[in-house]
**Student:** 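Before anything else, here's the structure in question.
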Amino acid sequence: MGLEEDNKKIEESMRETARKLLEDKEVDAVIGYTEGTLPMSSMAMVITRAEDVDKLIWNNYCYINLATYLVPRIAQLVDPEKGDLKVGVISKGCVGRAIIHLKVEGQLNLDNVKIIGIPCNGIIDRKRIEKEIGQKEILEVSTSGNEIIVKGRDFEEKFAFDEYILNVCKQCKVKSPPNVDDACVGECQEIESVSDDYSDLAEFEALSAEEKWNHITELLEQCTKCHACREACPMCYCNLCFVDQNKPIWFGKTTDLSDIIVFHLIRSIHLVGRCVACGACTSVCPMGIDLNLLIRKVERIAKDRFDFTSGLSSKVMPPMMDFSMNDSQEFMLEED
Amino acid sequence: MSEEEEEIRIGVFVCHCGSNIGGYIDCKSIAEWAKSLPHVVFTQDNLYTCSETGLAQIKKGVNENNLNRVIVASCTPRTHEPLFRSCIQEEGVNPYLFNFVNIRDQNTWVHQKEPEKAFEKAKELIAMGVAKAAKLEPLEKIIVDTTPTALVIGAGVAGITAALSMANQGFETHLVEKEAEIGGKLNILDKLYPTNQDASELLKSLKKRVNDNTNLTVYTSASVKSIEGFIGNFEIEIEQNGNVKELTIGVIIVAVGASLFTPTGLFNYDGQKRITQAELETLLKNNQVESSNVVMIQCVGSRIEERKYCSSVCCMVALKNALEIKERNPKANVTILFRDLYTPGTYYEDYYRRAREAGVIFIEYAPEKMPIVEDNQVRVHNEYLGQDILIPYDLVVLSTPLVSNEDNKDIAQMLKVPLEENGFFLEAHVKLRPMDFATDGVYICGSAKWPVDITESIAQGYAAASRASTIISHSTLEVEGATSSLPEYNRNLCTGCEVCITVCPYKAISKDENDEILIQQVLCKGCGVCGATCTNHAIVIRHFTDDQILSEILAFGGQYDGV
Amino acid sequence: MTQTETKTESEEWTPKIIAFLCNWCSYAGADLAGVSRIQYPPNIRIVRVPCSGRVSPFFIIKSLMDGWDGVVISGCHPGDCHYISGNLVARRRFGIIRDVLEFFGIEPGRVNFMWASAAEGERFAVLIRKATKIIKELGPIKKF
Amino acid sequence: MSEKILNKDQIGKFYNEFSDYNFYAPVNEKGNILFKKISNPDEIVLDFLNSKIPPKSVLFPNKEILFEYEYEGKDVIIKERDDLDEKYVLFGVRPCDAYSFQLMANFFSFHGNCEDEIYLKKKENTLIIGMGCNTPKQTCFCTSVGGNPFKKEDSDIFLVDLGEKYLVEAISDKGKELIQKMSWLADATNADKQKAKELAKKAEEMITTQIDAEKINNILDENFKHPIWKEVAESCVGCGTCAFLCPTCTCFDVIEEHDHYTNKGKRIRIWDTCQAPLYSMETSGHNPRPTKIERCRNRIMHKFSYYPKNYDLTGCVGCGRCVSYCPANNDLRSILKEIEQIES
């Protein structure tokens, strides 16, 4: 079956679920995606009436993680007693994971959020396609079979879908949301842990410290510190990010390389055991910086050190909310 | 919180410590150099800063120069900080505005062979100390009133002992027991080792002392419904026969004991011919043991995969009961099948010796080859013989462990104290604070913590009572001022992610009814784990604030001026 | 900002190391090294913190950014924490910091974590010697 | 003065005529077209739609040192910028961006009442070589906000890409003087001029988005509390990409960088955006624009209501960057269209 049929199918069942939830008054609103105004884009949308469900769409450009619209804490979503607001969220696997993890961090109450699960088939790496098309304007994009067809004024190019989805999507093991605490309706799965192989990181990890540094600085040097990655990240919901703090001033706010690096470095530390690998940061970066490497490493640290994958359970505590006598400590300095 | 900005005036006192410091580095020139540091208005070197003269010089320095921060560069805060703190306090300077710079233990003594480098290092350490001092804030110790009352949960032998001890010291004490009778396991026991006293005798005397004590109130068939508040001031609800009683309690002792384990499905246990030691106790008590072939099996349900621990009392119980059977019927054959026998100390080892003398037979079995209880005989494999031994029986007694109570979880939750993996209560520190919980004002004794025998229960009951009385024997309680706090100006940084709650070792952090983070100053010990784990650094760790530590980091070259 | 200039050409470069020591174990251990007159290189500058759990990633990274060539963090051995579990939380955090730093190409040897009790003056000195050696071999910190 | 012809293979020669200038031109860095100072004319990208970051970054960089200072004892010695007389040339600026400099200069002088010396001096020393927009993007709407893909007036020299060569027209006196010196430039033929005219016409036809800025201005005035703002904010992620890539956004934050070892410091301005909650946060903790609703509204009000009130011009040049790069696809064009529909 081709992509179009897949997407149609996903779209139809998603609309059906949303319609039912709204009609049965199980939710007051549904957050989903709607058609974007530009090729290779989509837009978040909140609908409150069952007759609007046909505005919801699914395609492979639904890159925004909708969970980001649930934080910072919306009082009605946290407290079931104030819970006069119930929200359904169209959730690909990573959106569902984000919602579950946000629950663990006390940002919402799963009684008030319905995860409308869909089996995501991958998000297209639009930044990569844009770069490859170069200085030509993309006017129309369509999918056919297993190909992405990009058209402009005087060109037409084809890209293999499997090759041009986000790197995180290629590695994704949780395509549809985990069913946790019965918060999930629609397509979801029972999943307790995922095994992952990190061979995609091997090449980078084999580099020397110097080479890694050079690679990372080259990767990040164009960062304008606009913080779109942070704002699009469902886990970056701090009211005041550490880079913005000035009492005390921890780190520089400029676009000096050191300030860029330290922002991404500390952000990575903060995301260990929290990142849900949705790749939204990469999809939104106006400079087209691919943060895949950071996402994968952050995932790997949590998995290797603490056997933890975020957003799979509302019971298992994430690394920094827990500790154990038996944690590995191979890095501790010891006498020879 | 804006007060009028006070000019920071730092005084630096550099101690020679005789020749301990002065013998290696030039303290006079260091003191002179320190004048160049930001905010420093007075410096002095002293032969011994901690001497009467030295202290007088500090006081004089403070008075004549209006110092509001004092630094002593000398030995170590671990020994001398209290002295200097009280010295400046006498001159009206808040003791938390004192900062210690360690230039002896961590400098001249460890760099004796490199005095020039020690000299440079001393200067930099002082620069760092000055940088921090400029950021220090006055703090007050927190004083809380305490209520001179105690609550003991569980009226077994440990609980009764603790409660009597508290009551005898004159504290109003409340003893809550969920059963209809007090006494706990004493109610089912026959004789007690190592004295062979009748359990009922001990129970009788305890009951009398409880009844006679006017400071002690007993609630039977009762349970604790809720516990709020903190050390010195717990608000307790006790439910008895549907009535709820509210009490204000200073300290709480947990003595809930442990439960008997029913070995259903193990060794053909049936409660008739194949019974537990506890059931045997009842039979002995009622003189109903007529068996002449008794086989006891040790470690039934303990020291196995799902219950790894040793229940500690079963070896002695088996020995005592074996002897008891032998005493009543010397002709009876008593065989004990064991994995290891633990009989520590002279008294207990004596039991083992006497049992051997009395003709009790001991046969070791290996956990890989468990004894098999057949209809009329027990089959046990003997390593030494390399073959199975068949022992006929008319009574099999299984030595089962004490297990944790099922409702421990509820009590633990109310008290905000931890349980270990087997469901027993976990003390603050196995060696250093065995009767304490990490949560202040809550103590533990008896089998609630770990299976223990009567002797140990009594000892622990006294121990817990003595720990508890150290708190309520004073009318107030002084709590360290250097604790963590979530000040109003940082409220907007808090996202309510609860990570601080999960990492706080003292359960001092919770969410209040408005869903906002609340730090209970009285419970906080100022470790700072919450502040460092908070992604936003919303929590301020007093006396070790971000700003203060940052200023030390930045004072690297001695230039940091507090911008 | 890097402070790489040595004072004189002839003088051998030695690293500047900031050490965050917990008040109850490692700070006391450092004192004991002093009392026992156990010598170690004079490169460390000790910052006293209540618990190794107080050491935020910000302190470590800020130190490296601000020209300290290396960082040492020392706390009580697991199970011996004065604050029960502070060092266990710290250990998790340190593992993460170390992995991320390494990933960014900052030599892991720059940041050394260790346990030293109040009774381990000798061990403290040995480990400081070792950390100093590691950091010295790495050379001055690069500006970042 | 009549138009000249610059062959594309003569770009190197052209570049050499500006030896006493800092020469900024579009270059391709990792697939992004950015205005960078170049030292080799081969780096210049000639075939591009528009730069990702507008050339405002040359005169108003993401990070700009305002002055440096140094402590001497208790005294502070201020060191002012001494590089403000440097001359800049911006090559290949699209007409929308060329126009944006005027809008920015308005802000940085506020009718001469509050002059930002650094910006204005740099602006004065900058020569803009504009370049006609042969293929405007779908997202462009310069014609609705006072621009045109071939608007020359904001450039000192204006180029039109004729394929193998450029039609060169000197616009300002500064530009005329320079072109006059380049005697090696050939004269343009009538055919060349005719072709340029055709390109201009074609380009203008390609712009399909039409908005009525004046009408919007009037509507905005009365609809400060209209529910549309909630709608706009709903899908916004609040990142501020729109402002960072906007050629007319001028918001900045002032910070201090202090070097603790040398006791020297710098006062710096960095880009900021009204989309960030911290931007409008007051010291008291009160924030007049506490949610995305107020912040989204402010950005649009600023461009289409406040700016027109202050300077009689629309504060947007219609370059379409915010439309193209908004992560949430919050399309300014659609928002303006919706505003137009509001009944007064």
Side-chain angles (χ1 to χ4, degrees), chain B residues 20 75-79 100 102 104-114 116-121 124-125 127-128 132 418 428-433 438 482 484 502-506 525-535 537 541 543-544 546 548-550 552-557, chain C residues 1 3 14 16 18-24 27-28 30-60 62-63 65-68 71 79-90 92-93 118 121 124-125 128:
Chain B
N20 280 308
C75 46
T76 168
R78 297 178 53 253
T79 54
F100 214 111
N102 187 327
R104 189 191 71 180
D105 299 41
Q106 295 173 3
N107 189 28
T108 56
W109 276 355
V110 289
H111 311 310
Q112 286 173 328
K113 297 187 185 110
E114 301 169 279
E116 306 84 28
K117 288 190 175 161
F119 178 72
E120 288 305 317
K121 180 171 170 181
E124 287 180 15
L125 287 172
M128 289 162 77
K132 177 169 181 180
H429 194 283
V430 67
K431 284 180 293 191
L432 304 176
R433 296 169 64 197
S484 58
T502 61
V503 298
C504 176
Y506 303 100
K525 302 271 186 289
C527 66
V529 175
C530 53
T533 311
C534 175
T535 41
H537 280 220
I541 313 300
H543 209 56
F544 292 95
D546 288 344
Q548 289 163 5
I549 294 175
L550 189 60
E552 289 183 272
I553 296 170
L554 296 179
F556 185 88
Chain C
M1 208 70 50
Q3 194 181 19
T14 57
K16 286 222 170 188
I18 189 166
F20 297 95
L21 305 189
C22 85
N23 187 37
W24 305 94
Y27 194 88
D31 278 353
L32 181 62
V35 173
S36 323
R37 308 295 197 278
I38 305 166
Q39 305 293 297
Y40 56 80
N43 302 68
I44 62 159
R45 306 286 177 267
I46 291 171
V47 172
R48 185 161 66 119
V49 289
C51 175
S52 49
R54 171 69 187 105
V55 181
S56 149
F58 291 12
F59 299 168
I60 298 169
K62 189 74 180 167
S63 298
M65 284 188 83
D66 274 67
W68 293 92
V71 183
D80 288 346
C81 181
H82 179 83
Y83 301 106
I84 303 160
S85 52
N87 58 356
L88 301 182
V89 177
R92 290 211 151 183
R93 196 186 300 141
F124 179 81
I128 290 299

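So you know, we letter chains A, B, ... as the sequences are listed, proteins then strands, and number each from 1.
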**Student:** Checking side chain to side chain donor-acceptor pair (under 3.5 Å) between C/Tyr27 and each of B/Asn102, B/Thr76, B/Asp105, which is the one that passes?
**Tutor:** B/Asn102
**Student:** To the nearest 0.5 Å, what is the distance between SG (B/Cys527) and CG (C/Asn87)?
**Tutor:** 10.5 Å
**Student:** Could you pull out all residues at least two apart from C/Phe124 that satisfy ring-ring contact (aromatic ring centres under 6.0 Å, His included)?
**Tutor:** C/Tyr40
**Student:** With a 4.5 Å cut-off on heavy-atom pairs, point out which of C/Pro57, C/Ser56, C/Ser36, C/Cys51 contacts chain B the most.
**Tutor:** C/Ser56
**Student:** Tell me, side chain or backbone of C/Leu88 under 4.5 Å from chain B's heavy atoms, or both, or neither?
**Tutor:** neither
**Student:** Using a strict cut-off of less than 4.0 Å between a Lys/Arg side-chain nitrogen and an Asp/Glu carboxylate oxygen, indicate whether B/Asp546 and C/Arg54 qualify as a salt bridge.
**Tutor:** yes
**Student:** With rounding to the nearest 0.5 Å, note down the distance linking CD1 in C/Ile18 to CE in B/Met128.
**Tutor:** 4.5 Å
**Student:** Given the options C/Ala33, C/Pro42, C/Gly53, which has more heavy-atom pairs under 4.5 Å with chain B than any of the others?
**Tutor:** C/Pro42
**Student:** Check whether C/Arg37 gets within reach of chain B through its side chain, its backbone, both or neither, counting any heavy atom under 4.5 Å.
**Tutor:** both
**Student:** Could you check whether any side-chain heavy atom of B/Ile553 comes within less than 4.5 Å of a side-chain heavy atom of C/Val47, counting everything from C-beta outward?
**Tutor:** no
**Student:** Name the member of C/Phe59, C/Phe20, C/Trp24 that forms the most heavy-atom pairs with chain B at distances under 4.5 Å.
**Tutor:** C/Phe59
**Student:** When rounded to the nearest 0.5 angstrom, what distance separates CG in C/Asp31 from CH2 in B/Trp109?
**Tutor:** 8.5 Å
**Student:** Tell me, side chain or backbone of C/Ala28 under 4.5 Å from chain B's heavy atoms, or both, or neither?
**Tutor:** both
**Student:** If you measure from CD on B/Gln106 to CZ on C/Arg45, what distance do you get to the nearest 0.5 Å?
**Tutor:** 12.0 Å
**Student:** Just so I understand: if I count every heavy-atom pair under 4.5 Å between each of B/Val503, B/Thr533, B/Thr108 and chain C, which residue has the most?
**Tutor:** B/Thr533
**Student:** How far apart are the closest heavy atoms of B/Leu125 and C/Ile46, and which atoms are they?
**Tutor:** CD2-N, 3.9 Å
**Student:** Taking every non-hydrogen pair under 4.5 Å, which of B/Gly528, B/Ala532, B/Cys534, B/Gly526 racks up the most with chain C?
**Tutor:** B/Ala532
**Student:** Once ring-ring contact (aromatic ring centres under 6.0 Å, His included) is applied, do any residues pair with B/His537, and if so which ones, sequence neighbours excluded?
**Tutor:** A/Trp250, C/Phe58
**Student:** Can you tell me which portion of B/Thr502 sits under 4.5 Å from chain C's heavy atoms? Options are side chain, backbone, both or neither.
**Tutor:** neither
**Student:** Does any backbone or side-chain atom of B/His111 lie under 4.5 Å from a heavy atom of chain C? Answer side chain, backbone, both or neither.
**Tutor:** both
**Student:** Verify, without hydrogens or angle tests, whether B/His429 (side chain) and C/Tyr83 (backbone) share a donor-acceptor contact under 3.5 angstrom.
**Tutor:** no
**Student:** With rounding to the nearest 0.5 angstrom, report the CG to CD distance, C/Asn43 to B/Glu114.
**Tutor:** 8.0 Å
**Student:** Main chain of B/Gln112, side chain of C/Gln39: is a donor-acceptor contact present, judged purely on distance under 3.5 Å?
**Tutor:** yes
**Student:** Is chain B contacted by the side chain of C/Arg92, its backbone, both, or neither, given a heavy-atom distance below 4.5 Å?
**Tutor:** neither
**Student:** With a 4.5 angstrom heavy-atom cut-off, could you sort out which part of C/Val89 is near chain B: side chain, backbone, both or neither?
**Tutor:** side chain
**Student:** If you look at every heavy atom in C/Ile84 and B/Ala428, which pair is closest and at what distance?
**Tutor:** CG1-O, 4.0 Å
